[in-house]
Every structure is written in C-alpha cells, then in structure tokens.
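As the structure is a prediction and not an experimental result, all values here were calculated from the model.
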Amino acid sequence: MWKCLWKYGAPLVCCILLTGCSSSENQVSAGTESLAAGSPADSRTEAEEQESRADEGGIAEESPAEPEIPEELSGAEEPDLSSEFEFTICFAGDINLNENEANTLFMDRQENGIYDCISPELIEYMNNADIMCLNNEFTYSTGGAPLEGKAYTFRAKPERVEVLHQLGVDAVTLANNHIYDYGKEALLDTFTVLEEAEISYFGAGRTLEEAMAPLYIEVDGKTVALVGASRAEKNKMTPQATETEPGILRCYDTELFKKTIAEAKANADFCIAFVHWGTEYSYDLEQVQLDTGKEYLDAGADAVIGAHSHCLQGLEYYDGKPIVYSLGNYWFGSKTLDTMMVLLHFSGNDEGSSLQVEIVPGVQSGCRTTYAEEEERQRIFDFLESISVNVDITDEGVVREMP
C-alpha cells in the first residue's frame, strides 16, 4: 500500500507499506516449475511402467491429472479488488514540548524519554494508524522573542521534533494560538524544522496561499485532505498569513476556511477539518462552534475535529457526519485531565464508503498520559455522552448517531 503526502502540488513524503504479500514473480516461477515437472518425457516413462505392471497382472494406475495451470499463466482475468479500501486516521489533541513546561522537564528525567510519559497502548494506536495527526501547540526554535503582553509563550528546541517520530506522527496542525509565540523568526524556524524532519503540517504557512493549502495524503488508493484554521483568541495576537507574510489561517470569518475545505474536497476523496476553537477548561460549547462546525461539513468536510479547550468537549452528528468538538490536552503540562484519541475508520469500494468513529480514552496526570481501562474507560464514555448532542458510545468506544 502506498502512502504519499504532498502540499502545494508537490510530493512531500512517499513510502511503500507491504504487509503479508508474496510477489507475482515468485508465483510465476512456482507455476513454471510445476509445468516442468509434467513434461512429455516424464509422462511417457510413467505410462510405460503402468502398461508393464498391467501385463504382469497388476492393476493399472490412473494417469496423473493434468497439472493445474496457475491463473497468472492461463490468461484468465483476476477479479479487480483495487477499488476496495480500508484505512484509519488517528487524531490526538494538544501537545506541548516547551522547554520550561513541567511535562518536558519530567520527560528529560525519564530513562526512556517520551516512552515513560505516554502509555505503550496509546503509542501503539498512534503507530498503527495509517495517518497520525495532532495539534502542535508550540514553536520549534532557539530564536525570536516572546510576544509582548502574552501571558504564556511556548518554545522548544528544534531537536525536540524527534518526539513526533517516536510517537508515529505523520502530520501536525499549526493553526493554533501558540505557534507565533516567539514571532516571525521562530515561526519560520518551525516550518524549516518540520520540513527537514519530514513531518507534514497544515493550517499555517509562509504566505496566505500556503496557510490555506490543504495537505493531501494518499492512502490505500484514496486521497485524504487535511485542513486547519483557528479562532481561539479573544485578543488576536497570532496573525493570519498574508500574500507576503507568514502566519496561520484564521476562521473568525469562515469564508476563507470554507473556501479551503471546498478546494480540498474537490481534489480528494475525503476531507477532515481540524479547528482550534472553544473556551478553555469549559465543557460547554460556544454557539459559534455549534454553528460553524455545521458550515464546515456543508462546505465539504467529512468530519470536523476540534482542539484548544484543554479539556474534552462533546460530539455531534450532523447530516450523518461527525463533529468532535475538542480532543482535550493529549500531553500538555501536569494537570489531571481526561483526554482521548479519535480514530476515523474509512472503508468501502466503488459502490460507496463508510466512516466509523472510535474513541480511545486516556487520562493525563502528573506529566503522564495513560490509557484508560475498565471503570475509568466507562466513566469517560458516560461523561462524553452527557456533554454530547446526539451520540451513543458503545463499550468498545464506537460512536453512534442517536435520533
């Protein structure tokens, strides 16, 4: 299975994923050998021996069956299964590798680094996903200066990007309210660091055209588009990109983001909108989330994923498509908070497609994020149902639309 990532019309990363398959060359070779074993010379010798045994009063054996010619050599057409597809996109919420943050300092004291900070069960989900995406809530740089008047500013050394590789991250959204914490210089450094690390990003760019550009990913014969935008600041300190200046894509006014979604859907089989929005540490949804989430689905998105509130928020189905209002913090500071990853399972063929949403629950506490099991798992599911609009969550974490 091929998985390719590209943006602005040019490939970023291509890799080939092979699982449990044998080459057609081996099959053809094996078929050729089986034909050789049934050559005319061998057949004559065997027939003479049978005739001889029959003359001596024995029972003549049946002639061996004609060797079965493999379909590869027979000319018969194989069924075309290329139209069938199945893949999973995994989304996690806010991650922060700020050098002075409690969780980063904690990680540096652990023998196994990030592997001692996030449960192996969660990391396994991340690595097993065909596409793994999270919210990169800080800048990679040693330059720049903290924005004047901003209470919290987050910056990590460029080498911290290795954590994303360890977690199996393929892409990050940069459309958030901390990517410009150290100004233009640090933002440009962030682009370079991610590009050199071959981690794709979206929702920000060196120009508005780049910030609006969808990230296209080829997986299992289908094209997925990821787009991102932010409306997270009351005091708007993170600039929107312009024709000549870097920044993010904002969605206080939804027109540009809806244009981006429409473009993405026109050029992809599936489009996911990742939005930074909502009120911090509030389970209550803002009316603008309820309204604009539906606008994004109407514009062509197949699902909307939200972040920024630092806590979980509910889910809603609209026109048969899911809105996940906030994933919460994934690994960010030391507060005790529920979190979750969301798995989008896409499958189908030329006749149609389906999307199943699955929740993987966790708890962030004491600078660790752990997989929630048994009672904790059910507690989180029950809580999510209570703050959601119209969903039911099974014991296995599968989200279903309720009438």
Side-chain angles (χ1 to χ4, degrees), residues 92-109 113-114 117-118 133-167 169 171-194 197 199 201-205 211 228-241 246-250 274-281 306-311 326-335 337 339 364 366-369:
D94 306 342
I95 189 170
N96 187 5
L97 299 176
N98 175 45
E99 294 300 326
N100 297 318
E101 204 69 24
N103 57 307
T104 306
L105 297 172
F106 177 83
M107 176 179 67
D108 288 344
R109 297 194 299 269
I114 192 66
C117 302
I118 298 177
C133 178
L134 52 72
N135 175 48
N136 196 109
E137 189 93 353
F138 59 94
T139 187
Y140 295 96
S141 181
T142 56
L147 289 185
E148 186 177 348
K150 192 161 191 181
Y152 301 101
T153 54
F154 304 138
R155 180 178 62 176
K157 295 176 183 176
E159 54 264 33
R160 297 288 186 188
V161 76
E162 179 58 25
V163 171
L164 299 186
H165 288 144
Q166 293 169 327
L167 295 177
V169 175
V172 295
T173 176
L174 300 183
N176 60 59
N177 58 307
H178 286 291
I179 200 63
Y180 202 81
D181 280 358
Y182 282 75
K184 176 180 175 178
E185 177 185 350
L187 177 62
L188 293 173
D189 287 346
T190 298
F191 297 152
T192 300
V193 169
L194 291 169
I199 300 291
Y201 61 87
F202 57 98
S230 176
R231 54 158 297 117
E233 295 172 296
K234 310 304 180 189
N235 182 16
K236 301 173 186 175
M237 302 184 72
T238 305
Q240 176 160 284
I248 66 170
L249 177 61
R250 289 175 172 177
F274 205 149
V275 194
H276 214 64
W277 59 4
T279 302
E280 292 185 356
Y281 299 108
H308 173 65
S309 67
H310 299 304
C311 64
S326 181
L327 298 165
N329 283 353
Y330 185 61
W331 190 63
F332 191 122
S334 60
K335 289 184 177 181
L337 296 163
T339 186
Q364 176 192 276
C367 299
R368 283 192 169 98
T369 298

Residues that Phe191 engages under ring pair (Phe, Tyr, Trp, His ring centres under 6.0 Å), provided they are two or more places apart:
Tyr201
Taking ring pair (Phe, Tyr, Trp, His ring centres under 6.0 Å) as the test, write out the residues that go with Tyr152, two or more places apart.
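For Tyr152 there are no ring pair (Phe, Tyr, Trp, His ring centres under 6.0 Å) partners, ignoring immediate neighbours.
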Non-neighbouring partners of [X] that pass side chain to side chain contact (heavy atoms under 4.5 Å, CB included), sequence neighbours left out:
X	value
Pro158	Thr142, Val193
Lys236	Arg250, Tyr252
Ala229	Leu249, Cys251, Phe257
Phe106	Arg109, Gln110, Cys117, Cys367, Arg368

State which residues pass side chain to side chain donor-acceptor pair (under 3.5 Å) with Thr369; sequence neighbours excluded, sorted by chain then number.
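For Thr369 there are no side chain to side chain donor-acceptor pair (under 3.5 Å) partners, ignoring immediate neighbours.
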How would you list, by chain and number, every residue that makes a side chain to side chain donor-acceptor pair (under 3.5 Å) with Asn103, sequence neighbours excluded?
none
Could you grab the distance from atom [atom1] of [X] to atom [atom2] of [Y], nearest 0.5 Å is fine?
X	Y	atom1	atom2	value
Leu147	Thr153	CG	OG1	8.0 Å
Ser334	Glu101	OG	CD	8.0 Å
Phe138	Leu97	CZ	CG	3.5 Å
Ile248	Phe202	CD1	CZ	13.0 Å
Ser309	Leu327	OG	CG	9.0 Å
His178	Asn96	NE2	CG	7.5 Å

What residues form a salt bridge (Lys or Arg N to Asp or Glu O under 4.0 Å) with [X], not counting sequence neighbours?
X	answer
Glu185	none
Glu233	Lys150
Lys157	none
Arg160	Glu99, Asp108

Where is the tightest heavy-atom contact between [X] and [Y], given as atom of each residue plus distance?
X	Y	result
Gly247	Ala211	O-CB, 4.0 Å
Ser230	Ala232	OG-N, 3.5 Å
Gly93	Leu134	O-CB, 3.8 Å
Asp94	Ala307	OD1-CB, 3.5 Å
Asn136	Leu174	CB-CD2, 3.8 Å

Can you find a pair of side-chain heavy atoms, one from [X] and one from [Y], that are under 4.5 Å apart?
X	Y	result
Asn176	Phe154	no
Ile199	Leu194	yes
Tyr330	Asn135	no
Thr173	His276	no

I'd like to know whether CD of Glu159 has more than 12 heavy-atom contacts from other residues, nucleotides or ligands below 6.0 angstrom.
yes
Using atom types as modelled and distance alone, determine if a side-chain donor or acceptor of [X] lies under 3.5 Å from a backbone N or O of [Y].
X	Y	value
Ser326	Cys311	yes
His308	Asn177	no
Thr192	Leu188	yes
Gln364	Phe332	yes

Ring centre gap for Tyr182 and Tyr180 strictly below 6.0 Å
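No, they do not, as the ring centres are separated by 6.0 Å or more.
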Decide yes or no on side-chain contact (heavy atoms from CB on, under 4.5 Å) for Ile95 and Leu167, but give the supporting numbers first.
CA-CA 11 Å; Ile95 189 170; Leu167 295 177; 4.0 Å; yes
